[in-house]
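Here's the structure we're looking at; comments come further down.
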Amino acid sequence: MRAPLSWLREYVDLPAGVTGREVATKLIAAGLEVETVDQLGAGLTGPLVVGRVLAVEELTEFKKPIRYCQVDVGDANGTGEPQNIVCGATNFAVGDKVVVVLPGAVLPGNFAISARRTYGKLSEGMICSAAELGMGDDHDGIIVLPPEYEPGTDAVELLELRDEVLDIAVTPDRGYCLSMRGIARETATAYGLPLRDPALLDVTAPGEYGPAVDVVDTHGCDRFTARAVTGVRPEARSPIWLQRRLQKAGMRSISLAVDVTNYVMLELGQPLHAYDRGRVEGPIGVRRAEPGEKIVTLDGVTRALDPQDLVITDDSGPIGLAGVMGGAHTEISDAHDALVDPVSGQAEGTRDIVVEAAHFDPVTVARTARRHKLSSEASRRFERGVDPQAAPAAAQRAVDLLVLLAGGTAEAGVTEVRGATAPRTVTLAADLPDRVAGVAYGRESVVRRLQQVGCDVSGTDELTVTVPSWRPDLTDPNDLAEEVIRLEGYENLPSTLPRPPAGRGLTEAQRLHRRVGRALAGAGYVEALNYPFLGDAAFDRLGLPAADARRRTVTLLNPISDEEPALRTTLLPGLLGALRRNDGRGSHGAQGGIALFETGLVFRPSGDEPAAVRLPVDARPSAEEIAAQDAALPAQPLRAAVVLAGAREQHGWWGAGRPASWADAVEAARVVAREAGVEPEVVADRHEPWHPGRCAALYVEVAGERTLLGHAGELHPRVTKAFQVPARTAAMELDLDVLRRASPGAVPAPRVSTYPVATQDVALVVPEAVPAVAVEAALRSGAGDLLESLRLFDVFTGEQLGAGRKSLAYALRFRAPDRTLTAEEASAARDAAVAAAVTATGAELRA
């Protein structure tokens with residue numbers, strides 16, 4: 001909605017110095033969306049005057065029409081002599097009044113005017129078009145003014161070229177602001193000034209002898225007012241002030257009758273329609289369309305009607321789409337459109353007009369407009385809610401303007417069809433706005449603000465609020481509370497943080513999820529978030545057998561990509577795709593390699609889930625329906641996965657680097673498990689997509705049972721080739737839900753002993769088939785309570801040990817909490833650990 005400030009001042013006595021931007025600031029604070037404030041006539045300086053064309057000389061030696069004109073501009077040029085002006089427009093004649101800009105003036109766009117020679121003549125100014133004055137985009141011809149204006153009259157004031165226009169984006173709940181009346185109401189409230197309501201008119205009461213109206217569908221049309229004006233002059237044109245207001249509001253002038261209806265719609269928010277009474281056959285009716293009916297609308301399009309369309313009819317059939325657009329059959333024609341009577345020689349345009357002001361059902365109008373792809377200014381207003389009580393005032397205003405401007409006579413008869421409607425009342429606790437906003441407004445402020453909205457308020461603690469007819473959006477107490485808060489000022493609301501109730505916060509699963517992410521980031525991994533979609537091609541590249549449970553997926557009905565129509569059952573395809581892209585673009589980390597991690601849900605259907613139920617949309621689902629919907633969902637475990645390739649430790653002056661290996665993937669699993677206070681059991685395994693000789697399964701104890709946590713190791717060469725990632729890429733994937741269930745709970749803080757540590761190194765020779773974790777477990781069990789930590793620091797194989805044997809060197813740290821250990825105590829603990837390892841694994845102490 002475009003609201004000229006000059007028009008707004010007719011209804012609100014704004015201070016003289018108030019600018020459009022200041023008004024916009026007030027309206028924005030009141031909750032309206034003012035997008036721009038257009039400065040019309042910015043940079044325009046005179047002299048710009050009315051001129052009368054005295055003579056026209058046609059210059060025929062040029063390829064296009066050129067006219068050399070003498071124009072009387074009165075005393076505006078200081079001499080009283082005619083101005084000689086070269087002009088290329090041909091839509092004026094001798095005697096016409098035009099707009100002339102004289103030398104020294106500056107037009108919009110910093111276009112300075114001076115006397116200059118052109119086409120062999122001296123041109124002393126310019127005859128202006130609407131586009132050159134910033135009045136519109138019409139370049140077709142210059143402006144021809146009505147004959148009553150004297151030469152030399154200031155055209156800047158006459159054409160209201162200087163103004164400010166507020167461009168307001170009206171939200172669907174503020175339909176009343178699609179009118180100057182609604183915007184003026186908000187402006188008056190914002191400035192604390194009285195409102196001159198343009199709808200407060202002396203309206204002629206309904207009576208007999210008005211235009212015949214028959215409303216069949218009272219649901220679609222609950223109010224219909226019809227007035228008639230006779231003896232209208234077809235040649236009457238819209239005055240300049242009316243044209244300019246329409247132009248500033250973003251509408252073009254068409255004819256006087258149409259301009260009047262558009263003007264009243266902009267002023268009061270009530271759409272109107274004018275019918276040529278001579279073309280209306282019988283009474284005007286309102287009903288639903290019948291099958292097979294058609295209508296030619298004002299845009300010249302023949303439209304097939306739907307039985308749900310609400311139409312305006314006469315005896316010939318539909319003559320308009322109610323609330324959307326009128327029909328061409330009863331269109332108003334002025335003297336320029338009408339045929340000339342061969343006898344009288346006068347144009348026979350529309351002389352008798354029927355004005356319609358009705359209130360239509362918003363939903364019906366909206367559906368009709370969308371069904372026919374025909375959005376109009378009227379439909380936009382009806383869709384958002386039009387004041388049903390404004391119809392008689394709007395009809396009266398249109399009739400008064402037609403009588404004043406077109407010389408018509410208003411018929412005494414007024415037809416009004418009104419359905420049974422009652423004012424809507426809402427009960428509101430007086431302190432509800434206080435409780436919603438957290439601000440003590442008080443009852444007096446609440447009542448005052450509601451009255452400014454237009455409500456009638458009664459009561460003390462419980463307020464009975466009668467909602468005004470122009471606010472159909474106010475339906476419950478919270479709507480009224482919002483109005484109070486809005487008018488009191490959103491900027492006055494204090495910034496207070498919510499106070500959560502004690503005992504709440506992140507769940508244990510959420511805390512573990514965050515700890516895992518921080519731990520992996522601290523270990524040098526970069527988080528990569530991937531789409532949770534994949535296709536069968538990903539399973540093929542992973543080398544999964546046909547019967548693998550990971551191939552059982554949940555398929556989407558509307559996938560983003562047909563190549564990835566299913567929800568993921570593993571995190572690895574997405575991570576490997578990210579690894580391939582980063583490696584291909586040379587995006588390696590600080591260590592020279594790439595290490596990525598992701599935590600997220602996977603979707604593992606069992607195939608036994610029941611079919612999902614279709615939930616209702618007109619009511620809240622029942623507990624049974626929600627439970628049935630939950631039962632149809634697949635299992636969605638939370639997973640953590642890593643992939644790494646390239647250098648794990650960069651080569652430099654500090655020493656040789658080290659490539660990433662399967663051991664780093666296993667260590668990443670241990671890093672994750674330690675965040676839950678769990679030490680997983682690492683066992684050699686064969687599991688796709690890992691290398692059969694470099695794959696580890698990790699187990700934890702859950703409720704006394706040994707449970708698979710996940711896998712880690714080096715990927716199979718066929719997998720790395722299929723995903724186009726570096727050879728010997730390693731990966732790990734764990735189930736965080738299993739890890740959480742295996743967690744003993746809160747991790748106890750360690751006791752820090754003040755006594756020194758005693759370190760003992762031991763090297764054990766074992767068969768190559770014996771895993772290091774088994775040796776480590778035996779050492780821990782034999783060392784007893786004095787063992788603080790144990791670390792494998794060397795693995796050696798060679799001819800000295802013999803074929804099929806390896807040496808594992810461990811550093812054992814012993815410490816007592818209450819004393820300094822003696823060398824004998826530390827040695828005894830070490831010997832006990834070695835003895836346990838020898839017994840459990842057949843190890844031999846290496847000399």
Can Arg245 and Glu10 be counted as an ion pair, charged N to O under 4.0 angstrom? yes

Run the side-chain contact (heavy atoms from CB on, under 4.5 Å) check on Val229 and Glu411 step by step: do they pass? CA-CA 6 Å; Val229 180; Glu411 285 193 352; over 6 Å; no

Take Asp276 and Thr330, measure what side chain to side chain donor-acceptor pair (under 3.5 Å) needs, and give me the verdict at the end. CA-CA 5 Å; Asp276 185 333; Thr330 56; over 6 Å; no

Is a donor from one side chain sitting under 3.5 angstrom from an acceptor on the other, for Asp387 and His359? no

Between the OG1 atom in Thr187 and the NZ atom in Lys26, the distance rounded to the nearest 0.5 Å is 11.0 Å

Charged N to carboxylate O under 4.0 angstrom, Lys97 versus Glu148? no

Contact summary for Val426 and Pro477, nearest pair of heavy atoms: CG1-N, 3.7 Å

Whether Arg449 and Glu488 form a salt bridge (side-chain N of Lys/Arg under 4.0 Å from carboxylate O of Asp/Glu) is what I want to check. yes

Between Pro4 and Met180, what is the shortest heavy-atom contact and its length? O-CE, 4.0 Å

Distance-only side-chain donor-acceptor flag, Glu267 / Tyr11, under 3.5 Å: yes

May I ask you to check whether Tyr275 and Glu331 show a side-chain donor-acceptor distance below 3.5 Å? no

Short side-chain donor-acceptor distance under 3.5 Å, Asn478 and Glu482: no

Between Ser6 and Asp163, do the side chains contain a donor N or O and an acceptor N or O under 3.5 Å apart? yes

Does Arg418 pair with Asp222 as a salt bridge, N-O distance under 4.0 Å? no

cation_pi(Arg181, Trp470) dist<6.0 Å, angle<=45: yes

Between Thr466 and Asp456, does a side chain to side chain donor-acceptor pair (under 3.5 Å) hold up when you go through it step by step? CA-CA 5 Å; Thr466 302; Asp456 292 331; 5.1 Å; no

I'd like to know if Asp38 and Arg2 make a salt bridge, using a cut-off of under 4.0 Å between side-chain N and carboxylate O. yes

Pair His372-Asp306, side chain to side chain donor-acceptor pair (under 3.5 Å): steps then yes or no: CA-CA 9 Å; His372 294 281; Asp306 186 273; over 6 Å; no

Is atom CD of Glu157 surrounded by more than 12 heavy atoms (other residues, nucleotides or ligands) closer than 6.0 Å? no

Salt bridge Glu383-Arg367, side-chain N to carboxylate O under 4.0 Å: no

Check the angle between the aromatic planes of Phe360 and Phe382 and answer parallel, tilted or perpendicular using the 30° and 60° thresholds. perpendicular

What is the minimum heavy-atom distance between Ala226 and Val213, and which atoms define it? CB-CG2, 3.9 Å

Flag side-chain contact, heavy atom, 4.5 Å: Arg424 against Thr475: yes

Salt bridge (Lys or Arg N to Asp or Glu O under 4.0 Å) with Asp217: which residues, sequence neighbours excluded? Arg288

Taking only residues two or more places apart in sequence or in another chain, which ones pass side-chain hydrogen bond (donor to acceptor under 3.5 Å, both in side chains) with Arg380? Glu377

Is it the case that Gln389 and Arg223 place a side-chain donor and acceptor less than 3.5 Å from each other? yes

Considering all heavy atoms, the nearest Ile332-Ala257 contact: CG2-CB, 3.9 Å

Can you list everything that forms a ring-ring contact (aromatic ring centres under 6.0 Å, His included) with Phe224? Sequence neighbours excluded, please. none

Looking only at side-chain N and O atoms, does Arg227 offer a donor or acceptor that is under 3.5 Å from a partner on Gln396? yes

If every non-hydrogen atom of Val170 is compared with every non-hydrogen atom of Leu178, which pair is closest and at what distance? CG2-CD2, 3.8 Å

Salt bridge (charged side-chain N to carboxylate O under 4.0 Å, His left out) for Arg287 and Glu293? Distances and angles first, verdict last. CA-CA 12 Å; Arg287 59 170 172 81; Glu293 283 189 318; 2.9 Å; yes

Are the charged groups of Arg486 and Glu186 less than 4.0 angstrom apart, N to O? yes

Which heavy atom of Ala393 sits nearest a heavy atom of Ala199, and at what distance? CB-O, 3.5 Å

Is there a side chain to side chain donor-acceptor pair (under 3.5 Å) between Gln451 and Arg448 once you walk through the steps? CA-CA 5 Å; Gln451 289 174 341; Arg448 176 171 57 86; over 6 Å; no

